[in-house]
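Before any comments, here is the structure.
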Amino acid sequence: MIGIFDSGVGGLSVYREIRKLLPQEDYVYYADNAHCPYGEKTKEYITGRAREISEILIGKGADIIVVACNTATAAAIADLRKEFSDTDDPDVRARMLELTGGKRDHIKFVGMEPAIKPAIKMTETGVVGVLATAGTLKAEKYRHTRDQSHGNVTVVEHIGQGFVELVENGTVSGPEAEQVVAKSLKPLLDEGADTIVLGCTHYPFLMDVIRKIAGPEVTIIDPAPAVARHLADILEDERKVSANMSGKDSASGTGCSVFMSSGPDDVLKKMVCRL
Ligand code: DGL
């Protein structure tokens, strides 16, 4: 079973891509909407949430976890891997065997990658725009990727101010959404960006609005399909490991999905129905 989590409904944009690729898998999705947004919260706070949610997902049967949130990936994935995936640490192995009822001695995590590298290859103006949360833009992980890859290309950034709130309220079109999106997107277009990276999993739900404001000439990159392909590769290897451990074929699933949330579930239901 594949566990997926986000601060809210944003990770459904990643779930959608994963499910297209792996329809036979079972899924458990956790929306931490009682604690959303993560964007302005501290690294410690987000790591605490990520740790707790991971344990819930493992308890539900997840054998691999997708951190379908750029902010949580940037803040917490290194700690999660240390605590749940490190097979060189006997304490981790023992704790994971206990958590999984003896099924697995580690849990792998797949996180979001800011799609700066493909954007840099695509730009013709030499300017790439990144829209993301404050937490992602200031995180060491993001800055490292950006600084390693930009070369002669200029990377301009803007917080998608109010985007997460719009999506969490289910407002993904109309004049209010257009006004909010324009405020953060226009400065990037004004700087000459012809390629825009969506660095937050909530933002693809605003794709129609973003596209309308950016116009047809601008390329908009949602990293979710690439993350889904990466997960599929890792899953194949992981399945071999568990088949070796248990001595039997570790089958995928029945294509069933379970959705959970830490707060009210009306928008989650609405978005799931829409998908
Ligand atoms: N969906 C998230 C991300 O990808 C988090 C947004 C938030 O809670 O601020 O960054």
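First listed ligand is number 1; within each ligand, the first listed atom is number 1.
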Is it the case that over 12 heavy atoms from other parts of the model lie below 6.0 angstrom from the NZ atom of Lys43?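 Above 12, so yes.
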Can you tell me which residue and heavy atom of the protein come closest to [atom], and the distance to 0.1 Å?
atom                    : value
atom 10 (O) of ligand 1 : Thr71 OG1, 2.5 Å
atom 1 (N) of ligand 1  : His202 ND1, 2.7 Å
atom 9 (O) of ligand 1  : Gly39 N, 2.8 Å
atom 7 (C) of ligand 1  : Tyr38 N, 3.3 Å

Can Arg104 and Glu238 be said to form a salt bridge (charged side-chain N to carboxylate O under 4.0 Å, His left out), step by step? CA-CA 10 Å; Arg104 305 188 57 80; Glu238 282 298 284; 2.5 Å; yes
Would Arg95 count as a cation-pi partner of Phe84, with NZ or CZ less than 6.0 Å from the six-membered ring centre and within 45° of the ring normal? yes
For Met1, does its backbone N or O pair with a side-chain atom of Asp26 as donor and acceptor, under 3.5 Å? no
Numbered in order shown, the ligand 1 atoms found under 4.0 Å of a heavy atom of Thr133 are 6 (C), 9 (O), 10 (O)
Report, in ascending order of atom number, the atoms of ligand 1 lying under 4.0 Å from any heavy atom of Pro37.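 Ligand 1 atoms under the 4.0 Å threshold to Pro37: 7 (C), 8 (O), 9 (O).
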With heavy atoms only and a cut-off of under 4.0 Å, state how Asn70 meets ligand 1: side chain, backbone, both or neither. both
Heavy-atom distances under 4.0 Å decide this one: backbone, side chain, both or neither, for Thr201 against ligand 1? both
Got Val128 and Thr154 here, is their nearest side-chain heavy-atom distance under 4.5 Å?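 They are not in contact (no side-chain heavy atoms under 4.5 Å apart), so the answer is no.
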Side-chain heavy-atom pair Ile4, Leu12 within 4.5 angstrom cut-off: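 No, side chains not in contact.
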Does ligand 1 have any atom that is closer than 4.0 Å to a heavy atom of Ser7? yes
Can you figure out which of Ala132, Pro223, Cys69 has its heavy atom closest to atom 5 (C) of ligand 1?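 Answer by nearest heavy atom: Cys69.
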Do the charged groups of Arg143 and Glu140 touch, with an N to O distance under 4.0 Å?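 Result for this pair is no, no salt bridge flagged.
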